[in-house]
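One structure below.
The figures here come from the full heavy-atom set of this structure, side chains too, leaving out hydrogens, waters and symmetry mates. Whatever order the structure lists ligands and atoms in, that order sets their numbers, starting from 1.
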Amino acid sequence: MLFCAHVLKTKLSMYNRMTSITLHGAVEEIGGNKILIEDGSTKVFFDFGLSFGKYGSFFSPYLQPRRYSIISDYINLGLLPDLTGLYRQDYEKRFRETSSDPKYDGVILSHPHLDHAGFLSYVRPDIPAYCSSGCKAILEVFEESSYGFHQYTRIKESFIVRESKRDASKKVKDRTSTIPRDVNIFKNSFKVGDVTVHPFPVDHSVPGANSFVIETSEGSIVYTGDIRFHGRRANFSQAFVEKAASFEPELLISEGTNIHEPKTYGEMDLQQDLFSIVENIRGLIIVNFPVRDTDRMRSFIEAAKKTDRSLVVNMRQAFTLKTLAEYDVAQMPGLEEVKIFVPRKGWGVLDDMNYPIEIQMQDYQSWENQFIEHENRVTADDINANPDKYIFRCDFAELKYLFDIKPPEESIYIRSVTEPVDEEMELDQKKVDNWLKYFGLYPYTQLHCSGHASGYDIQEMTKKINPKKIMPIHTERPTEFSNFHGDVILRALGEKYHLS
Ligand SMILES: [Zn+2]
Ligand SMILES: [Zn+2]
């Protein structure tokens, strides 16, 4: 009898172990989040990102993955998990048999940074994705305007051959076939399979960031995505924490990028410092800030207003603002608040009356054409004529335009991006320094605040949410979580953790 009771108990506990979490990325590294949550027969990924660290340890601009075997190469190198029924079939069938049906119910994105969303391009299109409107807008801008493999909402089918339109006896590569993916925009709670997902907008350094509470059959799981408490939307993050606490969660999966940092300098401190830096500048103010950080853009728009200048952004940023407005994303800078820099490209014939407008336009990508004659556009000549009227955003690839702009004396360069974190970034910074020295803009002013919560704020968040267990992710220092929580769950990459 005793034996039977023991077997029954074991069987019951196995049956009860319905909910599991497997980290397929972001274990002891920053980024590459791919969190598989399984509950009964439901399988959902939270984020499906690219690990820049792992990618950079194998690849460079001169050593690129092989296109036809990209998924198998990534699996071999540990950049993608070896799972079936997950990857797009046009690529998967090049190296193994594919299953006819998908084996996953959805991919839910916390935000559109590529270390969270970039590998959605390799997921089969019959697996639906879920994200906020801001996130979808940014992904569409990537698809339309960025180099690289960006296929989130539209999958361009590869390796298809069709008859030539000119000569039916000949075959040609078909590059036109596309399969749309359902990218569902969430505002409120939604169900995927058996789990209920509650999204909460939070503060981060890109539009459309969300944290989640996930209700499973064995209790609630909270996933922070990337979060901070010192930006323009800190109140959003605080509201999320209060809501998350009310679920009395079993587990908090928390980012820990800056777990070792004490309290952090915030965006409003930055804006204040920026005001005092720019107020007495008589020349041109040149700045570099992250291309999709619209809250940092807001700080520079405010600084421009204070000094009777206009912030000049590039065409990709203008396209981003336009798309965010089309998606009705709240609290974003409007296109009317900035000027759009249209550089000379290719033949360099912008505004050259010897060349018809259609020839001038051929120097630009099709998505750029809408800005060439935009009422808010400015050229290098405009900035050169009135340098004290502008704050010019200029990233690494745009430094060459300073030849036309010719920054006058008493101009400054403000570096508003993160400090170099690896050798490649250090080398690039040395190049930036050389350009700045050439144009008399060196030394520069550094002014930046992080997109990630400080250790202090993560500790406060954890105290308030009060989870039974905590699982660190997106950090190189996961063990530091045990300084403030008694039950820290550490698992290896791909190792399943059962919630009970
Ligand atoms: Zn991240
Ligand atoms: Zn992020």
> For Ile71 and Arg88, what are the C-alpha separation, side-chain angles and deciding distance, and is it a side-chain contact (heavy atoms from CB on, under 4.5 Å)?
Replying inline: CA-CA 9 Å; Ile71 291 178; Arg88 43 190 289 181; 4.3 Å; yes
> With no hydrogens and no angle check, is any side-chain donor or acceptor of Asn314 less than 3.5 Å from a backbone partner on Arg316?
Replying inline: yes
>> If we ignore hydrogens and angles and just use 3.5 Å, is the side chain of Gln151 paired with the main-chain N or O of Lys156 as donor and acceptor?
In response: yes
> Do you see a donor-acceptor pair shorter than 3.5 Å between the side chains of Ser69 and Arg66?
Replying inline: yes
>> Ignoring waters, how many N, O or S atoms from the protein are under 2.8 Å from the Zn ion (ligand 1)?
In response: 4
> Where does the angle between the aromatic ring planes of Phe247 and His198 fall among parallel (under 30°), tilted (30 to 60°) and perpendicular (over 60°)?
Replying inline: tilted
>> For Lys469, is the NZ atom crowded, meaning more than 12 foreign heavy atoms sit under 6.0 Å from it?
In response: yes
